[in-house]
K.L.:
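Just dropping this structure here.
Residues take their numbers from the sequence shown, with the count starting at 1. All values below come from the heavy atoms of this structure, side chains included, with hydrogens, waters and symmetry mates left out.
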Amino acid sequence: MKLNSRQDMIDTRAAAKECLKQEKVRILICAGTGCLAGGSAKIYEKMLVLAKQYENQIEVCFGAGAAHNRDGSCPVSGASDFVGVKKSGCHGFCEMGPLVRIEPMNVLYIKVKESDCEEIFEKTIRNGEPIERLLYEMNGVKYKAQEDIPFYAKQTRLVLKNCGHIDAEHITEYFAMDGYAALEKALFEMKPDEVVDVIYDSNLRGRGGGGFQTGYKWKQVARQEEKIRYVVCNGDEGDPGAFMDRSVMEGDPHKMIEGMLIAGYAVGAQEGYIYVRAEYPLAISRLKTAIAQAEEYGLLGDNILGTDYSFKLHINRGAGAFVCGEGSALTASIEGERGMPRTKPPRTVEQGLFGKPTVLNNVETYANVPMIITNGAKWYKGIGTEKSPGTKAFAVTGSINNTGLIEVPMGTTLREIVYDIGGGIKNGKQFKAVQIGGPSGGCLIGTDLDLPLDFDSLKKRGAMIGSGGLVIMDEDTCMVEVARFFMNFTQNESCGKCIPCREGTKRMLELLEDIVAGRGTPEHLDMLEELGTAITDTSLCGLGKSASLPVLSTLRTFRDEYLEHVVDKRCRTGNCQALKRYVIDEAKCKGCSKCARNCPVGAIDGVIKSPYVIDQSKCIKCGACESNCAFGAISVES
C-alpha cells in the first residue's frame with residue numbers, strides 16, 4: 001500500500017495505533033543476537049504453538065509477517081482483544097537473557113527456557129499471575145515490572161526506547177510509535193535549511209567517536225556547489241565488546257532509516273548507503289526487511305508521500321576491517337576499493353562517496369534525528385550537559401554483574417553506570433579500571449568514578465567516548481596485558497598505508513610482548529612512551545592517532561605495574577604466565593613429595609616430611625605442582 005499524501009500517512013499511523021490498542025496481551029520475545037544465541041528462537045516458536053492452542057479462547061495475532069494487514073489495520077476481523085506474539089529486538093539486559101516481556105503487565109521474565117512457555121501461557125497470559133522464579137531478584141527483592149528493575153530505572157532510553165518493545169520486523173509497529181512523523185513534519189512543515197538549522201541548534205554531536213557536531217557537517221554538505229550528494233550511515237562498529245549500533249539495526253531499524261531520510265531531505269541528497277559489517281547477518285536481514293517495507297509504503301523511492309523528494313537506500317556489507325570506521329576508508333570500501341584512509345583535505349563533506357559531498361554519521365546519530373525534529377532543539381538540549389546534550393548508549397561488558405546495553409544522559413558518572421545500573425563488580429571484587437571507547441579510547445581508574453561521561457570531560461583525561469564500549473576490569477586484571485591485547489588488535493587492524501601506524505604499532509606490540517614475557521627493561525617503558533607520542537602525532541587517520549591511547553593511559557595511571565613487570569619480573573595478578581612465581585607455604589607443606597614427583601623439569605627439591613622448595617631458575621610455570629598438591633600449600637605469589 002503506497003502512501004501518496006500526508007493524510008495517507010496520518011491514517012495509516014492511526015490504524016496501526018488502533019490495532020495495538022486491541023491487543024489484550026503482547027508477548028515480546030527478545031530476538032536480538034544475544035538472546036537468539038541463548039535459544040529465544042525456540043521460545044518464540046513454542047509460544048506460537050501454544051497461542052494456536054488457545055485461539056478458540058483468546059484470539060491470536062501471530063508474529064511479524066501477519067502482525068497487521070497491509071493498510072495497518074488489525075488482522076483479526078472485529079477483534080476487541082487478542083494476543084500478540086512478537087519478535088522484538090534487544091532488551092539490553094543481556095546478562096539475564098533469553099528475555100520475555102509481557103504487556104500490559106510490563107512483566108520481564110529472565111533466563112527463560114522453552115520448557116517455561118506453557119507455564120507462562122497458563123499462569124500469566126490466561127490468569128495474569130507472575131511467575132516468581134522467572135522474575136529478576138536483587139538484594140532479596142523480586143521485581144515484577146521491568147521499569148522498576150534498577151538496571152532500567154536508572155536509564156533514559158530515547159534511542160533505545162522501542163528496542164524490546166516493538167516487533168522488530170514489521171513497519172506498522174513503528175507506525176504505532178509515531179514512526180515517520182518526524183519525516184512527515186520535515187517534508188510538509190519545514191524547508192531543508194530549517195531542518196539543518198534545528199539539528200545544528202540542537203548541538204547533536206556524532207555518536208561514532210570524536211563527537212563532531214552533526215549540524216555543522218550537514219551545513220557544509222548543503223552549501224556545496226555540487227548537486228549530487230550522498231547520505232552514508234556507518235554501521236561498521238568494530239570496537240571489541242561494542243554492540244550499540246547493531247542493537248538499533250536489529251531492534252528498531254526504521255528509526256535509523258527515518259533519520260537518514262531526513263538528512264537526505266535536509267542536504268539535497270537522493271541516495272544513501274548503509275555500511276554494515278558482514279558479521280552482523282541479523283542486522284543486515286532486518287535492514288533489508290525494513291527497506292523493502294518502507295519502499296512498499298512509498299517512504300523510500302520516488303515522490304515520497306506525494307512530494308518532490310525522492311530517496312533510495314542501499315546496503316553495503318563490509319569485510320570487518322576496523323579501519324573502515326574512518327570516513328574516507330569507509331567510502332573507498334563502498335566504491336569497491338581497498339578500505340584505506342586518504343590525506344585530507346578534501347574532507348568527506350566536500351569529496352566523499354564517489355567524489356561527491358557526503359553526510360557520514362553512525363547509526364546512533366541518525367537515530368537521534370527524528371526525535372529532535374519532532375520535539376525541537378530546545379527539548380534536546382535539556383537532556384545531558386550543555387556542550388554534550390542528549391543521551392549516549394553504552395555496551396557494558398567485563399567484570400560487572402549486569403552486562404548489557406544501556407542508555408543514559410550525557411554527563412552521567414562512571415560510578416552511576418558501574419554501581420547503580422551495572423550492579424557493581426562481580427564476586428565482590430574491587431573496581432580497578434574501565435577501558436572506554438575500545439582500542440581508540442583510554443583507561444579510567446577509581447579516582448575517575450565521579451567523572452561525568454561526556455565528550456569534553458573525557459578528552460581532558462586523555463580518553464574518548466568512542467562508539468560507547470565500556471570494558472569493566474576488577475582487581476585481578478593485569479593492566480599491562482590489557483594494553484598488549486588492545487595494541488595487538490590495533491596492529492592487526494592497521495591498513496598499513498602510513499609508516500607511523502604500520503611500523504610503530506608493530507614495535508610497540510613487540511615491546512609489550514617482551515614485558516609480559518619477562519624480557520622487559522625500564523628502557524622499554526621510555527621507548528613505549530616515545531613511540532606512542534610519535535604515532536599519535538604523525539599517523540594519517542584516527543586509528544593510528546588513537547592506537548597508543550590504551551598504552552599511554554595505562555602507563556600514566558598504572559606505572560607501578562609496568563615497573564613490577566620490568567624490574568621485579570613479577571605480575572601481581574598472576575595473569576602473565578611467564579612472570580608467575582609458584583611458591584610453597586612451609587606451614588602447609590606436609591613433605592609428601594607429590595609436587596616434586598609431578599614436576600616435569602625437576603624444579604622442586606626437598607626431604608620427605610619436610611617442606612619442599614621450588615627452584616625459580618628451573619620452573620617453567622606449568623602449574624603441575626599446584627594442581628597436584630593435596631594440601632593447598634602451593635600458590636602463585638601475589
Side-chain angles (χ1 to χ4, degrees), residues 398-399 425-433 435 443 445-446 471-488 508-528 550-551 554-555 557-638:
S399 184
I425 307 301
K426 278 185 176 179
N427 303 317
K429 299 283 186 179
Q430 293 296 311
F431 171 85
K432 184 172 187 178
Q435 179 69 22
C443 196
I445 58 174
V471 181
I472 311 298
M473 293 169 276
D474 65 22
E475 59 194 275
D476 294 332
T477 304
C478 174
M479 301 311 297
V480 183
E481 170 56 25
V482 167
R484 188 210 63 80
F485 169 82
F486 280 111
M487 182 53 65
N488 180 64
M508 288 188 75
L509 178 60
E510 289 171 353
L511 290 169
L512 288 164
E513 287 178 338
D514 277 349
I515 292 172
V516 299
R519 300 188 296 269
T521 67
E523 288 73 25
H524 278 61
L525 308 188
D526 296 333
M527 285 188 282
L528 280 174
V551 180
T554 52
L555 264 171
T557 53
F558 294 99
R559 196 174 188 87
D560 56 336
E561 283 195 36
Y562 279 89
L563 287 171
E564 285 177 357
H565 280 66
V566 299
V567 176
D568 301 330
K569 305 300 180 186
R570 185 171 74 91
C571 174
R572 66 176 68 175
T573 66
N575 285 295
C576 297
Q577 185 69 21
L579 297 180
K580 284 183 176 180
R581 286 175 56 88
Y582 287 94
V583 293
I584 298 176
D585 186 339
E586 293 183 3
K588 294 181 179 179
C589 182
K590 306 299 182 183
C592 69
S593 81
K594 191 175 182 181
C595 58
R597 286 182 279 116
N598 282 279
C599 179
V601 292
I604 304 176
D605 195 17
V607 179
I608 293 292
K609 296 186 178 181
S610 295
Y612 276 62
V613 178
I614 300 174
D615 185 342
Q616 297 296 334
S617 65
K618 293 181 181 179
C619 178
I620 60 171
K621 331 291 186 185
C622 68
C625 54
E626 182 183 30
S627 59
N628 279 284
C629 180
F631 306 102
I634 303 177
S635 62
V636 177
E637 185 181 53
S638 60

K.L.:
Could you give the distance from CG (Asn427) to NZ (Lys429), rounded to the nearest 0.5 Å?
P.N.:
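The distance works out to 7.0 Å.
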K.L.:
Go through it in stages, so that I can follow the logic: the residues are Asp514 and Arg519, the test is salt bridge (Lys or Arg N to Asp or Glu O under 4.0 Å), and I'd like the CA-CA distance, side-chain angles, deciding distance and then a yes or no.
P.N.:
CA-CA 5 Å; Asp514 277 349; Arg519 300 188 296 269; 2.9 Å; yes
K.L.:
Does Lys426 form a salt bridge (Lys or Arg N to Asp or Glu O under 4.0 Å) with Asp476? I'd like the steps, not just the answer.
P.N.:
CA-CA 11 Å; Lys426 278 185 176 179; Asp476 294 332; over 6 Å; no
K.L.:
Taking the side chain as everything from C-beta on, heavy atoms only, tell me whether Leu579 gets closer than 4.5 Å to Glu564.
P.N.:
no
K.L.:
Between Arg572 and Asp560, does at least one N-O distance fall below 4.0 Å, as a salt bridge requires?
P.N.:
yes
K.L.:
Going by an N to O cut-off under 4.0 Å, is there a salt bridge joining Lys432 and Glu561?
P.N.:
yes
K.L.:
Any side-chain heavy atom of Ile515 within less than 4.5 Å of one from His565?
P.N.:
yes
K.L.:
Name the atoms and distances for all side-chain donor-acceptor pairs under 3.5 Å in residues 599-609, with sequence neighbours left out.
P.N.:
none

K.L.:
Met473 versus Met479: any side-chain heavy-atom pair under 4.5 Å?
P.N.:
yes
K.L.:
Minimum heavy-atom separation for Pro611 and Cys589, please, with both atom names.
P.N.:
CA-SG, 3.6 Å
K.L.:
Do Gln616 and Lys621 come within less than 4.5 Å of each other through their side chains, counting heavy atoms only?
P.N.:
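They are in side-chain contact.
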K.L.:
Can you tell me if Lys580 uses its side chain to pair, donor with acceptor, with the backbone of Val636 under 3.5 Å?
P.N.:
no
K.L.:
How would you list all residue pairs meeting salt bridge (charged side-chain N to carboxylate O under 4.0 Å, His left out) that involve residues 586-599, not counting sequence neighbours?
P.N.:
none
K.L.:
Could you check whether any side-chain N or O of Asp585 sits under 3.5 Å from a backbone N or O of Ala587, counting only pairs where one atom can act as donor and the other as acceptor?
P.N.:
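Side chain of Asp585 to backbone of Ala587: a pair is present.
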K.L.:
What's the spacing between Cys619 SG and Tyr582 OH if we round to 0.5 Å?
P.N.:
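Between Cys619 SG and Tyr582 OH, I get 7.5 Å after rounding to 0.5 Å.
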K.L.:
Taking the side chain as everything from C-beta on, heavy atoms only, tell me whether Phe558 gets closer than 4.5 Å to Ile445.
P.N.:
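Contact flag for Phe558/Ile445 side chains = yes.
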K.L.:
Would you indicate whether the side-chain heavy atoms of Leu512 and Val516 approach each other to under 4.5 Å?
P.N.:
no
K.L.:
In Å and rounded to the nearest 0.5 Å, what is the SG to CZ distance from Cys576 to Arg570?
P.N.:
12.0 Å
K.L.:
Restricting to non-hydrogen atoms, name the atom on Phe631 and the atom on Cys592 that form the minimum distance, rounded to 0.1 Å.
P.N.:
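Nearest pair, atom of Phe631 first, then Cys592: CE1-SG, 4.1 Å.
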K.L.:
Got a list of side-chain donor-acceptor pairs under 3.5 Å for residues 622-629, not counting sequence neighbours?
P.N.:
{"residue": "Ser627", "atom": "OG", "partner": "Gly623", "partner atom": "O", "Å": "3.3"}
{"residue": "Ser627", "atom": "OG", "partner": "Ala624", "partner atom": "O", "Å": "3.1"}
{"residue": "Asn628", "atom": "ND2", "partner": "Ala624", "partner atom": "O", "Å": "2.8"}

K.L.:
Say you draw a straight line from CG of Asp474 to CZ of Phe431; how long is it, rounded to the nearest 0.5 Å?
P.N.:
10.5 Å
K.L.:
Can you see which heavy atom on Cys595 is nearest to which on Tyr612, and at what distance?
P.N.:
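Heavy-atom minimum between the residues: SG-CB, 4.3 Å.
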K.L.:
Would you indicate whether the side-chain heavy atoms of Ile614 and Ile584 approach each other to under 4.5 Å?
P.N.:
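Yes, their side chains come closer than 4.5 Å.
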K.L.:
After noting the C-alpha distance and the side-chain angles of Leu555 and Leu528, does the key distance pass the side-chain contact (heavy atoms from CB on, under 4.5 Å) rule?
P.N.:
CA-CA 9 Å; Leu555 264 171; Leu528 280 174; 3.9 Å; yes
K.L.:
Checking side-chain contact (heavy atoms from CB on, under 4.5 Å) for the pair Ile425/Gln430: CA distance, chi angles, key distance, verdict?
P.N.:
CA-CA 7 Å; Ile425 307 301; Gln430 293 296 311; over 6 Å; no
K.L.:
Can you find a pair of side-chain heavy atoms, one from Pro550 and one from Met487, that are under 4.5 Å apart?
P.N.:
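In short, these two side chains do not touch, never coming nearer than 4.5 Å.
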K.L.:
Using every non-hydrogen atom in the two residues, find where Cys478 and Asn575 come nearest and quote the distance to one decimal.
P.N.:
N-ND2, 3.5 Å
K.L.:
What is the distance from atom CD of Glu513 to atom CE of Met508, rounded to the nearest 0.5 Å?
P.N.:
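Between atom CD of Glu513 and atom CE of Met508 there are 12.5 Å.
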